[in-house]
Every structure is written in structure tokens, then in C-alpha cells.
Amino acid sequence: MKLPSRVKLVDVGPRDGLQNEKQPVPAAIKIELVHRLQAAGLKEIEVTSFVSPKWVPQMADNAEVMAGIARLPGVRYSVLTPNLQGFEAALLSKPDEIVVFGAASEAFSQKNINCSIAQSIERFAPVVQAARAAGIFVRGAMSCAVGCPYQGEVTPESVSYLAALMKDIGVQHIGVADTIGVGTPLKVQRALEATLRHFDINDISGHFHDTYGQALANTLAALQTGVWQFDTSVAGLGGCPYAKGATGNVATEDVVYLLHGMGIETGIDLEILVDAGQFISDYLQRKPNSRAATALLNKRVNG
Ligand code: HMG
Ligand code: MG
């Protein structure tokens with residue numbers, strides 16, 4: 001199996017990571033985190049979401065965070081927009097990319113965005129149209145592509161169904177998300193294959209939470225399927241407020257270590273990335289949730 005020689009990572013820590021924190025994280029800390037991620041070489045950062053502050057209070061400072069970032073050329077800054085109201089607010093912040101997020105499970109769609117899958121697509125369609133008219137790239141996310149906290153099993157057919165709907169409304173790139181981190185490699189490959197019926201391999205990314213410790217294995221399985229783009233989260237931050245018990249995304253540091261060890265380029269400086277993870281973990285008063293970061297930090301102390 002031929003593996004890609006280069007991989008693109010999207011750090012979703014500032015959004016997926018921090019949306020789930022109990023304690024408020026000031027905008028200045030989020031901005032500093034974004035600055036540190038871009039200094040580490042990340043070329044795409046998912047900064048925030050323009051969702052209802054009643055649903056996700058941690059993202060209420062979305063406009064302030066976007067306004068505070070000293071943008072670097074060549075870096076894309078993406079934001080989540082669940083509806084036109086969110087998109088119109090996001091537009092003022094000039095994102096390079098927006099993300100509409102649906103679910104392959106009806107139950108999760110209701111819990112997360114308060115509507116059915118079909119209704120979500122009706123809401124997304126004008127968002128996608130407006131974004132593309134404004135020259136903004138549109139990514140879609142498919143939550144619960146391998147398992148749902150409310151309905152359990154999710155079939156590849158459900159993934160294929162949602163991927164087709166996303167494609168039809170003009171979504172340009174699709175993320176296959178294991179929201180609750182229950183997937184194992186063959187299940188993930190089947191979800192990716194279902195997505196491949198509708199999207200080109202170059203327009204698919206993997207988004208794996210690490211609740212059951214499978215995310216690195218799932219990443220490798222996705223690489224073997226030809227996927228070369230992944231969402232990861234510095235220091236393993238994160239989870240979804242509507243997926244109880246789910247932990248963060250696979251740590252960016254761990255994925256970078258895996259990829260570099262396999263001779264796959266990322267353009268990321270692992271040491272600077274570890275510092276970024278340490279910065280946000282210090283603020284949150286815990287250790288980075290990354291084995292590679294922990295090992296490298298120990299090595300700095302112990303040699
Ligand atoms: P709703 O209550 O059905 O919306 O929520 P509504 O249209 O009936 O509006 C109700 C109120 O919300 C109104 O305010 C609106 O103005 C306001 P009121 O009149 O009551 O004062 N509102 C908004 N405010 C700000 N921004 C908006 C917005 N829209 C309505 N965009 C809605 C529907 C989608 C808004 C809500 O369910 C919501 O915000 N959900 C967000 C959930 C979320 O952010 N989840 C986490 C992100 S997804 C994720 O983490 C998964 C991912 O990582 C992939 C994976 O791992 O699976 C991407
Ligand atoms: Mg997620």
C-alpha cells in the first residue's frame with residue numbers, strides 16, 4: 001500500500017478543543033494559542049464557531065478571537081457555521097473557510113443542532129451557496145460516522161446518504177468524524193469507502209476522537225485508504241458538549257510524531273508544537289493529553 005508522502009493537518013484545538021472546557025478561556029489565550037499553532041507550521045487552524053452562545057457558551061467570543069489573530073499568509077482560518085445567522089456573523093470576521101456540520105445519525109443531529117438530517121441539509125444549502133458566492137471554501141463535517149452516543153451503530157449506508165446530500169448542496173470537502181472515538185480501523189475504512197462514493201480522495205479528511213485510544217490506529221487505516229488530510233487537536237484538547245463522555249481529538253503532537261517517523265512530511269515543527277500544547281495545558285492546569293508531548297517534555301527535563 002502506497003502511503004502519501006505529505007499530510008495536511010488542520011488543528012481544531014481552538015474550536016473542538018476549547019468548546020468543551022468547563023472553565024472560561026479568555027479570548028486572549030485562544031488568540032495566543034492560534035499564534036503558537038501557526039508558528040509551529042500549521043497551515044490550517046479551526047479557530048471558532050458561530051453557533052448559539054446558549055448552546056456553546058465557550059465560543060461566544062468568536063468575533064473577538066477572529067479579530068485578534070495576526071494572520072499569516074498561506075494559513076487558512078476556518079470557522080463552524082450551522083445556519084445563515086451564524087454564516088452572516090462569521091462573514092464579518094472574514095474566514096477563509098466555513099464548516100457546515102451534520103450527522104450520519106438522526107439522533108445526534110437532533111441533539112447537536114436541534115433538527116433532522118434532512119432539515120440540516122435545508123439549512124446548510126443557503127449557507128453553502130452564500131459562502132461559495134463570497135469565495136469562501138466550504139467544508140462539511142459528518143459526525144458519528146462510525147458510532148453514535150444515542151443510537152449506537154451507524155452504518156456505512158448512513159454515511160453514504162449524508163455524503164451524497166452534502167455533495168449535492170455544493171460542499172467542497174468532507175470530514176469523516178468519529179465524534180465519540182468508538183471506531184476501529186476497519187469500521188473507519190468502511191465509512192471512508194462510503195464517503196468515497198461521492199467525494200474524491202483529495203477532498204476527504206479524517207477527524208478522530210480518541211476516547212477508546214483508537215485514533216492513531218484509525219489514522220493509519222485512513223492513510224492506507226489514501227486519505228492525507230486530518231483534523232487533530234493540540235494537546236489532545238476537546239470533545240463535543242453533545243457527546244457526553246467523548247474525549248478530545250487525537251493529539252496533533254502524536255499524529256506528527258507518527259507521520260514524521262514514517263517519513264511523511266507535515267511542515268510542522270514538533271518541538272514548537274509541544275510548546276503550544278504546553279502553553280494551553282498550563283492555562284487549563286493539566287498535562288497535555290498527548291503521549292508524544294509527554295515523552296518529549298520528559299526528555300527535555302531528563303535528557
Ligand atoms: P435552535 O435553538 O434550534 O435555533 O438552535 P433557532 O434558529 O430556533 O434560534 C434560537 C435562538 O438561537 C435565537 O435566539 C437565535 O437568535 C439563536 P433567541 O431569539 O432565543 O435569543 N441562534 C444563534 N445565535 C448565534 N449564532 C447562531 C445562531 N443560530 C440561532 N448561529 C443551533 C440551532 C444550530 C443554532 C444550535 O443547535 C446550536 O448552536 N448548536 C451548536 C452545537 C455545537 O456547536 N456543537 C459542537 C460543534 S459540532 C462538533 O463538535 C462535531 C465536530 O467536531 C465533528 C465531530 O467530531 O463529530 C465538527
Ligand atoms: Mg469533533
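Atoms within a ligand are numbered from 1 in the order they appear, just like the ligands themselves. We use all heavy atoms of the structure for the numbers below, so side chains are in, but hydrogens, waters and symmetry mates are not. If you're wondering where the values come from, they're calculated on a predicted model, not measured in any experiment.
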- Proximity winner for atom 28 (C) of ligand 1, if only heavy atoms of Arg15, Gln85, Gln19, Gln110 are counted: Gln85

- Message: Pairs of nitrogen or oxygen atoms closer than 3.5 Å, one from Gly86 and one from ligand 1: do any exist?
- Response: yes

- Message: When you compare the side chains of Asp178 and His207, does any donor N or O come within less than 3.5 Å of an acceptor on the partner?
- Response: no

- Please state which part of Asn112 comes within less than 4.0 Å of ligand 1, counting heavy atoms only: side chain, backbone, both or neither. both

- Message: Quick check on contacts: which atoms of ligand 1 are under 4.0 angstrom from a heavy atom of His209?
- Response: 56 (O)

- Query: Within the structure, does Pro53 bring an N/O atom to less than 3.5 angstrom of an N/O atom in ligand 1?
  - Reply: no

- Query: Hey, is CZ on Arg76 packed in by over 12 heavy atoms from elsewhere, all under 6.0 Å?
  - Reply: yes

- Please could you name the atoms of ligand 1 that Ile113 approaches to less than 4.0 Å, counting only its heavy atoms? 33 (C), 34 (C), 37 (O)

- Thr247 and Asp210 side chains, donor-acceptor separation under 3.5 Å: no

- Query: Is Ser49 in polar range of ligand 1, meaning some N or O pair under 3.5 Å apart?
  - Reply: no

- May I ask you to decide whether Arg300 forms a salt bridge with Asp275, counting only side-chain N to carboxylate O separations under 4.0 Å? yes

- Message: Just to be sure I read this right, does ligand 1 sit under 4.0 Å from the backbone of Asp16, its side chain, both, or neither, counting only heavy atoms?
- Response: side chain

- Item | Validation row: Leu42, Ile268 side chains within 4.5 angstrom (heavy atoms) | yes

- Checking only N/O/S atoms, does Asp16 have one that is under 2.8 Å from the Mg ion (ligand 2)? yes

- Query: With a 4.5 Å heavy-atom cut-off, do Tyr150 and Ser105 have their side chains touching?
  - Reply: no

- Do Asp200 and Lys167 meet the salt-bridge criterion of a basic N to acidic O distance under 4.0 Å? no

- Query: Taking distance alone, with no angle check, do Val51 and ligand 1 share an N/O pair under 3.5 Å?
  - Reply: yes

- Message: Could you check whether any heavy atom of Met59 sits closer than 4.0 Å to an atom of ligand 1, since that is the contact criterion I want to use?
- Response: no

- Query: With Asp168, which residues qualify under salt bridge (charged side-chain N to carboxylate O under 4.0 Å, His left out), at least two apart?
  - Reply: none

- Note on the structure: If we number the atoms of ligand 1 from 1 as shown, the ones under 4.0 Å from a heavy atom of Ala177 are 54 (C), 55 (C), 56 (O), 57 (O)

- What atoms of ligand 1 come closer than 4.0 angstrom to any heavy atom of Asn114? 1 (P), 2 (O), 3 (O)

- Quick note on ligand 1: atoms under 4.0 Å from a heavy atom of Val56 include exactly 43 (C), 44 (O)

- Query: Using a distance-only test with no angle check, is there a side-chain donor-acceptor pair under 3.5 angstrom linking Asn202 and Trp228?
  - Reply: yes

- Do any heavy atoms of Met142 fall under 4.0 Å from ligand 1? no

- Taking only non-hydrogen atoms of Phe50 and a 4.0 Å limit, the atoms of ligand 1 in range are 26 (N), 27 (C), 31 (N)

- Query: Which atom, among the N/O/S set of His207, is closest to the Mg ion (ligand 2)?
  - Reply: NE2

- In terms of its nearest heavy atom to atom 12 (O) of ligand 1, the top option of Ser52, Gly181, Ala103, Cys144 is Ser52

- Task: Please lay out, stage by stage, how Arg132 and Glu97 fare under the test salt bridge (Lys or Arg N to Asp or Glu O under 4.0 Å).
- Result: CA-CA 10 Å; Arg132 294 200 56 179; Glu97 181 174 317; over 6 Å; no

- Do ligand 1 and Ser143 have nitrogen or oxygen atoms that lie under 3.5 Å from each other? yes

- How about Tyr212: does its OH atom have over 12 heavy atoms from other parts shown lying under 6.0 Å from it? no

- State the atoms of ligand 1, each with its element, that fall below the 4.0 Å cut-off from a heavy-atom position in Asn83. 27 (C), 28 (C), 29 (N), 30 (C), 31 (N), 35 (C)

- Task: Take Arg139 and Asp231 through the salt bridge (Lys or Arg N to Asp or Glu O under 4.0 Å) test and state the conclusion after the steps.
- Result: CA-CA 12 Å; Arg139 181 151 56 89; Asp231 297 346; 3.8 Å; yes

